[in-house]
Novice: 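Below is the structure I would like to discuss, written out as structure tokens.
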Amino acid sequence: MENRVFLFLLVLTLGFSLGNVSAAEADGANITEETSGDAEAPLEEPLITPTVKRNKIKLARIDTEDFLIGIFGGSYSIEDFGVHPVYGARVGLLLTETFFIDATMGFSKAGPSSAEKLFNFDLLTEQERELVYYDVSVGYNLFPGEAFMGDDTAFVTTLYVSVGAGSTQFAGDDYFTLVGGIGYRIVLTDWMAAQVDFRDHIFESDIMGDAEIKHNIEYTIGASWFF
Amino acid sequence: MNSGMKPPVIQVWFFAFCWICMMLGAAHVAAATDDAASYPRVIVAEPFIELHTGAGKGYPVYHVVDRHEWVEVLVRQGDWFKVRDRLGKEGWVLIDEMEKTLSAPGVTTQFERIKKEHFGARTYEGGINFGDFEGSAIMGVYAGLNFNDNLATELEISKATGQFTETLVARINILSNPFPTWDSAPFFTLGGGYMRNKPKSSFVFANPTSDLFASVGLGYRQYMSKRVFFRADVKQNIVFISDNNNGDFLEWKIGFSFFY
């Protein structure tokens, strides 16, 4: 029995020592390789390779709304030819909180003048009765304010005056026109406003014989969108 | 007798313009609702910021947002910003107050402000002008491109309406700006183009004429504010009417221009 125990312990010891030797040999071999490697050149690969992606910070753009595009319709009084419907469009640019610039274009059509009705003749052809006007005016927000509807609704409003110049095409000719007007704009939502305008178009014309200053007065109601 | 007449070309373009506006309007509203979740936020660093009811100093202050609160910046109109606070209250804040907020811890918010310095370095400009063309009132629009600080080119379309004729002028100019950094400065122009004269309809037997012309001129520009500047021009036009006949026309115009 003692011999068997002794034999078992001997085998165990041998097994351990053999294992250690082989491990030591392997380590020894690696160490040898590494040290030899170190001696020749530095490490080529970095020890740590981060895998975190950098977030690109995109600065948000704020929507700037300085432009206004609108349409309008109403009445246009063509001096000597009666009052007729007018429709048109405008493009506006806000310069500051007080000044803005408007470019407007409108269309109307004249009927017969009193002379033509009384004496039964045609002074102008159908094509010549078409009236087109376009102008650029500078507006001044004279009285900014608010309008209140009911108990808890308020709209931002402004009363403005505008002066400008442009051209009126009528009776086959172009007339240089000065435009002056007053208007009231009510801002209904963030992106839309309604406005009422009274404008006087002043030009010199000789359709009726002598050269006279004509005043074509128009009053319109319109809607505009902010961009 | 004329009931079957087609509408004039200008009215067709007008309706096209209205249709485009409606499409743009619809797209704009759709875009606004899509971006509802992505408005930038800033934090109030001053004791408070004032929210006005409208975009103007005349509108009253109806709400304040305290320090350390954040607001969402919705839209900008000129120098005013529409903001919305944590509780959903919306109002307009002036750029001076907005520039004291923080967009990130320790980072002051900055907004683009057009200053005088941008004027000298402008690339595009455009404007309208009114004046006199040998006794006739003239009105024009132009668009210009600045190659560098000193040299620019522009295309100008003007219409002169006189007692006897209407003249359409299309001109290309080269401009020389010797003093680009000055706010008020002169400039020189050299140009040429095409001029079409149409006699007024009361002169039944007169025919329209068209001629080439060259012009040389002197101008003055004055920076006003933001993107606007004032411009005055005087030009001497030499019209090449025929082989041994040239016409001289003096033209002056003043107007307002915008630059980008």
Side-chain angles (χ1 to χ4, degrees), chain A residues 57 59-66 69-71 87-89 91 93-99 101 103 105-107 125-128 130 132 135-136 138 141 143-146 154 156-158 164-167 169 171-177 187 190-192 203-204 206-207 211 225-227, chain B residues 1-2 5 8 10-11 14 17-18 21-22 24-25 28-29 31-32 35 38-41 53-60 73-82 90 92 103-104 111-112 128 130 136-139 141 159-163 166 198 200-202 224-228 256 258:
Chain A
I57 298 172
L59 294 168
R61 283 191 65 89
I62 299 168
D63 184 25
T64 305
E65 289 184 351
D66 282 342
I69 295 184
I71 53 172
Y87 61 89
V91 174
L93 173 67
L94 210 73
L95 292 178
T96 67
E97 62 189 59
T98 350
F99 286 100
I101 290 203
M105 185 170 215
F107 302 91
T125 66
E126 281 299 308
Q127 187 64 32
E128 285 175 339
E130 303 274 351
V132 179
D135 58 75
V136 175
V138 175
N141 285 329
F143 298 131
E146 285 179 286
V156 159
T157 63
T158 176
S167 182
Q169 277 178 21
D173 282 326
D174 264 345
Y175 300 96
F176 178 72
T177 311
V187 182
D190 276 351
W191 43 271
M192 196 181 130
F203 59 93
E204 192 177 13
D206 58 1
I207 300 172
W225 287 266
F226 294 104
F227 285 97
Chain B
M1 72 186 157
N2 287 318
M5 211 163 65
I10 206 166
Q11 274 167 321
F14 173 76
F17 170 79
C18 287
C21 287
M22 283 204 278
L24 279 174
H28 188 254
V29 172
D35 288 338
S38 62
Y39 294 119
R41 290 182 180 190
T53 54
K57 293 194 185 79
Y59 295 103
V73 186
L74 305 175
V75 79
R76 175 179 185 172
Q77 203 175 84
D79 276 345
W80 290 84
F81 293 82
K82 184 163 194 177
E90 294 179 357
W92 295 86
S103 55
F111 295 103
E112 194 195 358
I128 48 148
F130 304 97
S136 305
I138 188 168
M139 181 177 76
V141 296
K159 194 163 210 175
T161 46
Q163 206 179 1
E166 264 165 43
K198 198 175 82 129
K200 291 220 139 161
S201 25
S202 30
M224 296 188 67
S225 78
K226 305 278 180 68
R227 291 198 187 276
V228 181
F256 292 99
F258 310 97

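In what follows, every heavy atom counts, from backbone to side chain, and hydrogens, waters and symmetry copies are set aside.
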Novice: Taking B:G58, B:P60, B:A137, B:S103 one by one, which has the highest count of heavy-atom pairs under 4.5 Å against chain A?
Specialist: B:A137

Novice: Please report the shortest heavy-atom distance between A:M192 and A:F226, naming the atom on each side.
Specialist: N-CD1, 3.8 Å

Novice: Rounded to the nearest 0.5 Å, what separation is found between the CZ atom of B:F81 and the OG1 atom of A:T64?
Specialist: 7.5 Å

Novice: For B:V228, is it the side chain, the backbone, both, or neither that has a heavy atom closer than 4.5 Å to a heavy atom of chain A?
Specialist: side chain

Novice: Under 4.5 Å between any side-chain heavy atoms of A:E97 and A:N141, yes or no?
Specialist: no

Novice: Which region of A:A171, side chain (C-beta onward) or backbone (N, CA, C, O), has a non-hydrogen atom less than 4.5 Å from a non-hydrogen atom of chain B, or is it both or neither?
Specialist: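 It is the backbone, since no side chain atom gets that close.
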
Novice: Which region of B:Q77, side chain (C-beta onward) or backbone (N, CA, C, O), has a non-hydrogen atom less than 4.5 Å from a non-hydrogen atom of chain A, or is it both or neither?
Specialist: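 Both backbone and side chain.
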
Novice: Contact part of A:S167 toward chain B, heavy-atom cut-off under 4.5 Å: side chain, backbone, both or neither?
Specialist: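 For A:S167, the contact with chain B is made by backbone and side chain together.
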
Novice: Can you find a heavy atom in the side chain of B:V75 that is under 4.5 Å from one in the side chain of B:W80?
Specialist: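 They are not in contact (no side-chain heavy atoms under 4.5 Å apart), so the answer is no.
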
Novice: A:L94 versus chain B, heavy atoms under 4.5 Å apart: side chain, backbone, both or neither?
Specialist: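 When you check distances to chain B, only side chain atoms of A:L94 fall under 4.5 Å.
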
Novice: Heavy-atom distance under 4.5 Å to chain A: side chain of B:K57, backbone, both or neither?
Specialist: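 Contact with chain A involves both backbone and side-chain atoms of B:K57.
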
Novice: Would you check, one step at a time, whether the test side chain to side chain contact (heavy atoms under 4.5 Å, CB included) holds for B:F258 with A:I101?
Specialist: CA-CA 11 Å; B:F258 310 97; A:I101 290 203; 3.4 Å; yes

Novice: Go through B:D79, B:I138, B:T161 and name the one with the most non-hydrogen pairs under 4.5 angstrom from chain A.
Specialist: B:T161

Novice: If you round to the nearest 0.5 Å, how far is CD of B:E90 from CG of B:L74?
Specialist: 5.5 Å

Novice: Can you tell me how far apart CD (A:E65) and NZ (B:K82) are? Round to the nearest 0.5 Å.
Specialist: 9.0 Å

Novice: Among A:Y175, A:F143, A:Y87, which residue forms the greatest number of heavy-atom pairs with chain B at distances under 4.5 Å?
Specialist: A:Y87

Novice: By a 4.5 Å heavy-atom criterion (distance strictly below it), what part of A:F107 contacts chain B: side chain, backbone, both, or neither?
Specialist: side chain

Novice: Output the distance between atom CE (B:M224) and atom OG1 (A:T96), rounded to the nearest 0.5 Å.
Specialist: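 Those atoms lie 10.5 Å apart.
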
Novice: Can you tell me which of A:D66, A:D174, A:V187 forms the most heavy-atom pairs within a distance under 4.5 Å of chain B?
Specialist: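 Option with the top pair count is A:D174.
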
Novice: Determine the option with the most heavy-atom pairs under 4.5 angstrom with chain B, choosing from A:A103, A:A154, A:A165, A:G88.
Specialist: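 With the most close heavy-atom pairs to chain B, the winner is A:A165.
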
